2 protein chains.
Amino acid sequence: MGPTASDGSGPRHAQTRDREVTVPAILAAAEIEFATHGFSAARTESIAARANVVKGMIFHYFQSKEGLFEAVLERAYQPFNEALDKSLDKNLSATDALLTFVERLLAAMAEKPLSPAIFMLESIQGRGEHFRRLGMFPLYIRIEALLKRGIAAGEFRKMDPRHGAINIVGLCGFYFCAANNLSHLPGRSRNPLNKQSLARHAAEVIAFVRKGTAASI
Amino acid sequence: MGPTASDGSGPRHAQTRDREVTVPAILAAAEIEFATHGFSAARTESIAARANVVKGMIFHYFQSKEGLFEAVLERAYQPFNEALDKSLDKNLSATDALLTFVERLLAAMAEKPLSPAIFMLESIQGRGEHFRRLGMFPLYIRIEALLKRGIAAGEFRKMDPRHGAINIVGLCGFYFCAANNLSHLPGRSRNPLNKQSLARHAAEVIAFVRKGTAASI
DNA sequence: GTCTATACGAGGATAGAC
DNA sequence: GTCTATCCTCGTATAGAC
């Protein structure tokens, strides 16, 4: 924490010589960079600049750009994973379990609004290795199982559970990936990622999922 | 069309000296490259190789990588635009108009399965200029208007029409962007982009939209 | 119109001083 | 542990021959 005065002329100087500070700073900066540019187009130089460290630090702590990327992915997926685990709360009806899960997933995304874009980019550009390695299957598989259960119980309408799961994940995540464009739509254009907009998004998605999956009367 | 025998040693030779062939070939190759890598990470060399032309041709016909990208975007958006125009067929009920539009949008995407990824990447990485320049506003605005009309008429449930429009576009497009990952899900894993899967996706989305927007009874 | 050769810059990665 | 300097590859773009 020694407040070494930056000398102003050269680039920044050791504001802290401490991995407890440097590593999280790099991860946070990398998250932003990878979320907007994807892996290949991301620049280690930009990450270093944003983290206020020198480029070499990235390779010192993460060996390679790829290593840093994987660390970022892992970090971004954790909240999703937790949302998933918490929603195993068994004896809920399929409907309640699904809506609870969606609510938690949306909360996790709201907390880390860049995560959906990171995974979207990884899906489009990657070849599925990270998807596998991170154990992202459950995200779809468990929703699918939940849907299957609810359909059998007559709570949900008949549908293909696999596609149902995909559609639900898409409803939650698409908004965050499109936020950049959405902010340019005419009309009352408040930032799509501010608290108010996110709350609205969550409410709308939950309603859409509830109505869209419910059994016909 | 002169079948100049490729001499095998040097790189490919003028299979045709004709912009009628070269330009579309470049555009098709560029579409694939930009859809998987985005703008910055796309390589003109890869595009040229895939199109079976020399790199210089890209700059000859499109001046710059950016110029090529814009041409690809424009080309990819056309089918969406047409789907939109055709669904103005006035005197339909809001419900029928919406479902018809969704059906056409899905058909347009199925025909050009890379388009959603291109626009997704442009949304995440771009700063909205292309979104504006291509006139992509109507895609959301008109659905929004349609929803508003249907809500007023009591056909649709109460909802925020802007978010409703976003959710519907998301339901249609997310699947295509996630296809890469989806193909790695366990279970009966046929290619998410083959005819059968796409037909299933379309049916599921249409059902989801119909149920999800319908007024409660 | 098509191809080859090359200028020029950007960026990932490493070596080694402090 | 941190920083500077540097190497080397890759990629856009252009000039000019055919």
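As the structure is a prediction and not an experimental result, all values here were calculated from the model. Throughout, protein chains are lettered first and strands after them, A, B, ... in sequence-line order, and every chain is numbered starting at 1.
As a whole-Å value, the separation of B/E45 CD from D/dT14 P is 17 Å. As a whole-Å value, the separation of B/K65 NZ from D/dT12 P is 5 Å. Atom pair B/N52:CG and C/dT2:C1' shows a separation of 13 Å (rounding to whole Å applied). At whole-Å resolution of the value, NZ in B/K55 and C1' in D/dA13 are 8 Å apart. Between the CD1 atom of B/I26 and the P atom of C/dG1 there is a distance of 12 Å, given to the nearest Å. Going from atom CZ of A/F59 over to atom P of D/dG1 covers 17 Å, rounded to whole Å. When the P atom of C/dG12 is taken as reference, atom NE2 of A/H37 falls 12 Å away, rounded to whole Å. Rounded to a whole Å, the CD1 atom of B/I58 is 11 Å from the C1' atom of D/dG11.
Residue B/A42 is in sugar-phosphate contact alone, with no base atom involved, counting any heavy-atom pair closer than 4.0 Å across all strands shown. At the heavy-atom level, B/F62 lies nowhere under 4.0 Å from the strands shown.
A sub-4.0 Å separation between OP1 or OP2 of C/dA10 and a side-chain N or O of A/R43 is absent. Between B/S64 and the phosphate of D/dT12, there is no side-chain N or O to OP1/OP2 separation shorter than 4.0 Å. For the pair A/H60 and D/dG1, the criterion of a side-chain N or O lying under 4.0 Å from OP1 or OP2 is met. Contact check, B/T44 against D/dT12: a side-chain N or O comes under 4.0 Å of OP1 or OP2.
For A/F80 and A/F119, the ring centers sit closer than 6.0 Å to each other. You'll find the ring centres of B/F69 and B/H130 inside the 6.0 Å limit. Ring to ring, B/Y175 and A/H163 are close: their centroids are under 6.0 angstrom apart.
Judged purely by atom type and a 3.5 angstrom limit, A/K65 uses its side chain to pair as donor or acceptor with the backbone of A/A42. Judged by distance alone, with hydrogens and angles left aside, the side-chain atoms of A/T36 form no donor-acceptor pair with the main-chain N or O of B/I124 at under 3.5 Å.
At least one side-chain heavy atom of B/M109 sits less than 4.5 Å from a side-chain heavy atom of B/L105.
In DNA chain C, runs of at least 3 consecutive Watson-Crick or G-U pairs, each pair with both distances below 3.5 Å, span C:1-18 with D:1-18.
Ring geometry for A/H201 against A/F176 counts as perpendicular: the plane angle is over 60°, on a 0 to 90° scale with 30° as the lower cut.
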